[in-house]
Amino acid sequence: MHTKTIVDLSSGLKEGAFSSEELVQHFLKRIDQLDPDLNSFITVTGEQALAAAHEADQKIKAGGAGPLTGIPFAHKDIFCTKGVRTSCGSRMLDNFIAPYNAGVTEKMQQAGAIMLGKTNMDEFAMGSSNETSYYGPVKNPWGDNLVPGGSSGGSASAVAARLSPASTGTDTGGSIRQPAALCGITGIKPTYGRVSRYGMIAFASSLDQGGPMARTAEDAALVLQTMAGFDERDSTCVDQPVPDYTASLNDSIQGLKIGLPKEYFGEGLDANVARTIDEAIAEYRKLGAEVVDISLPNSKLAAPAYYVVAPAECSSNLSRMDGVRFGHRCKDPVDLEDLYKRSRGEGFGEEVKRRILIGAYALSAGYYDAYYLKAQQIRRLISDDFKKAFEQVDVIMSPTAPTTAFGLGEKTKDPITMYLSDIYTIAVNLAGLPGMSVPAGFVNELPVGLQIIGNYFDEARLLNVAHQYQQVTDWHTRIPKGFE
Ligand code: GLN
C-alpha cells in the first residue's frame, strides 16, 4: 500500500480494496519500524489518526468522499494543530500545544485527509539540512549519513521513505524544493499569497509560503487544490479563484518555451548534477518544448539580499517568543530582564540566535538604509529580471540545488557554505513566484531535482509541465533501499 500514489489509494478506498483504517494502520506500523532511525517525525498522532480514519471510512461508504478523504499525510511541525504539540523544531515551543488550527490544517482536515503526525524540521525553518532541529537531525533515506535537506527535511524524508503518501512543507528560501530534490520527491512552492499563512508559525513573513510535498506532480496537484485559496485571516493571502490543477495535467507541452538562465549553470554547480539536468532538458525537447537561453543578471545578489531580509523579519517575528505568553520559560527568574534573557537564551538554538542578531543589527537605526532598504531594492531588481524573462518564456528551468545530498555535519561549521545550498531557490521567494522541484535522475545513486519556475499564479502550468515529464520518466517511482 505504501508504494501507491494518492490517486491510486483514493480509488482503492472508493472501490473498497482497503479501508482508511487499514491504510492508516499500515503507515503507522511503518513509522514505528522505520522512523526511529530516520527521525522524520517529532510527534506521531496515532490514536487521533485512527479515529479520523474510522470517520473517513463511514463517509466513503456513504458516498460523500473527496479525493483526499481517508488519505494519510503528515504536517510539517510549523503548522498549528489544535490540541497537538506544535514545536517548530525548537526547544522554545517544545511544550506548546496549539490552541487553534492553521488555515492549511483546517483545509486538510475538512477534505478528510488523515494526519499521521508532525514532521521534523530545522528550528523555526532556518536551515538547509535539518540539523538545527532541537529534536535532532533527520536522515535522508537514500544514504546512511546524509542530510535530507531543509528546512522541511522531515516532510521530505517521510515521503521518500514511504512513511506517508504526502506531506506539507513551507518554503522561505527553498525549504520545500531543496529537500524534495535531495530526497527524490516532488514539491511545489506556490506563488506568495496562494496558500494561507494563518497559523503557520512565521519565519520571514514576506517570503514564507506553504505547499505540498508528494511523490508525483499529480498528487501534488490534488493536495495543492485543497491547501490553496483565500483566507481572510491572512492579510497577504490573495483573493483569487483556485483553478482546477488536475484538469490541465494532460495538456500537451508542444511549443512550451523553457528559459535556461545562464547564471544557474555556472560556478558552484556540480558537473554531474549539471549533466543530469541537461538530460532532463533533452527529454523536454523530445516532448516538443523549445529551449531559450536567458539571463537573470542579478542572480548573484539573491543570497546576500535574502540573508538580510530573512533575518530582519525573523528578528521581529521571533520577538514574541519571550517566555511570557507561551513556550519555554526559564526556572526562577529574578526579574523581568532575567526572564527574557534566560528564556530566550535557553529556548533558541545557535542558528536562530545568529539570525536574530544579524536581523536586529540590520534593522537598527543607522544601518537600516545600508542593509534592509538596500536588500529590498535588490529584491525589486530580481523581480524585474524574472518579469523580463517571462516576456520571452513560459517557464524557467534549472537545478534545484547545486549538489546532491551532503553528509551529516559536513556543512554545519561554516554557515556560508550551508547558505549556498539555496542559491538556485532563494530568488524565487524574493520575487514571490511559484517554483517546483521534480526528480530528474541520480548521481552516484543520489537523487537530483529539476527546478521549474513559473510566472505568478501559474501553478497549473508547473504541475502540467512536471506531470508530462513524469509520464516519460520513472525517477519519481524509485524507492530508496530498505524502504521498499
Ligand atoms: N535554507 C534557507 C534558510 O536557512 C531557507 C529556509 C526555508 O526556506 N525555510 O533560511
Side-chain angles (χ1 to χ4, degrees), residues 76-79 88-90 119-133 137-138 147-156 167-183 187-190 192 195 197 200-213 302-318 348-359 362 375 379 400-403 405-406 410-412 414-437 449 451 453:
K76 182 176 183 178
D77 208 14
I78 196 168
F79 289 100
C88 224
S90 181
T119 56
N120 204 341
M121 53 179 286
D122 278 303
E123 187 177 8
F124 287 105
M126 298 173 196
S128 310
S129 66
N130 218 114
E131 290 168 296
T132 71
S133 169
V138 175
V147 304
S151 63
S152 315
S155 288
S167 58
T168 54
T170 62
D171 191 312
T172 303
S175 280
I176 287 177
R177 292 160 288 157
Q178 186 254 14
L182 270 44
C183 288
I188 178 164
K189 176 207 104 72
Y192 183 78
V195 169
R197 289 186 302 109
M200 189 179 106
I201 297 173
F203 161 14
S205 311
S206 75
L207 302 162
D208 300 341
Q209 186 61 196
M213 304 176 81
Y306 172 89
Y307 279 100
V308 171
V309 174
E313 293 183 12
C314 98
S315 75
S316 160
N317 275 323
L318 267 54
F348 291 138
E350 198 184 322
E351 182 62 25
V352 172
K353 286 179 189 157
R354 179 181 297 126
R355 306 250 183 143
I356 292 175
L357 287 176
I358 295 172
R379 208 168 162 177
T400 305
T403 64
F406 45 92
E410 195 181 313
K411 297 190 181 180
T412 37
D414 181 4
I416 304 284
T417 335
M418 185 72 88
Y419 296 169
L420 292 180
S421 312
D422 301 305
I423 40 171
Y424 305 137
T425 49
I426 273 174
V428 172
N429 301 74
L430 289 170
L433 293 165
M436 193 164 177
S437 182
Q451 178 171 231
I453 304 168

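Both counts, for ligands and for their atoms, begin at 1 and track the order of listing.
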For residues R197 and D208, report the shortest heavy-atom separation together with the two atoms involved.
CD-O, 3.1 Å

Is N317 reaching over with its side chain to a backbone N or O of F203, donor-acceptor style, under 3.5 angstrom?
yes

I'd like to know if the side chain of R177 reaches the main chain of T425, judged simply by a donor and an acceptor atom lying under 3.5 Å from each other, with no hydrogens or angles considered.
yes

The side chain to side chain contact (heavy atoms under 4.5 Å, CB included) partners of A431 (sequence neighbours excluded) come to S383, F386, L433, Y456

Which residues pass the ring-ring contact (aromatic ring centres under 6.0 Å, His included) test with Y306, sequence neighbours left out?
none

Partners of R355 by salt bridge (Lys or Arg N to Asp or Glu O under 4.0 Å), sequence neighbours excluded?
E351

Within the 4.0 Å heavy-atom cut-off around ligand 1, the contacting residues, ordered by chain and number, are A125, M126, G127, S128, S151, D171, T172, G173, G174, S175, F203, Y306, Y307, R355, D422

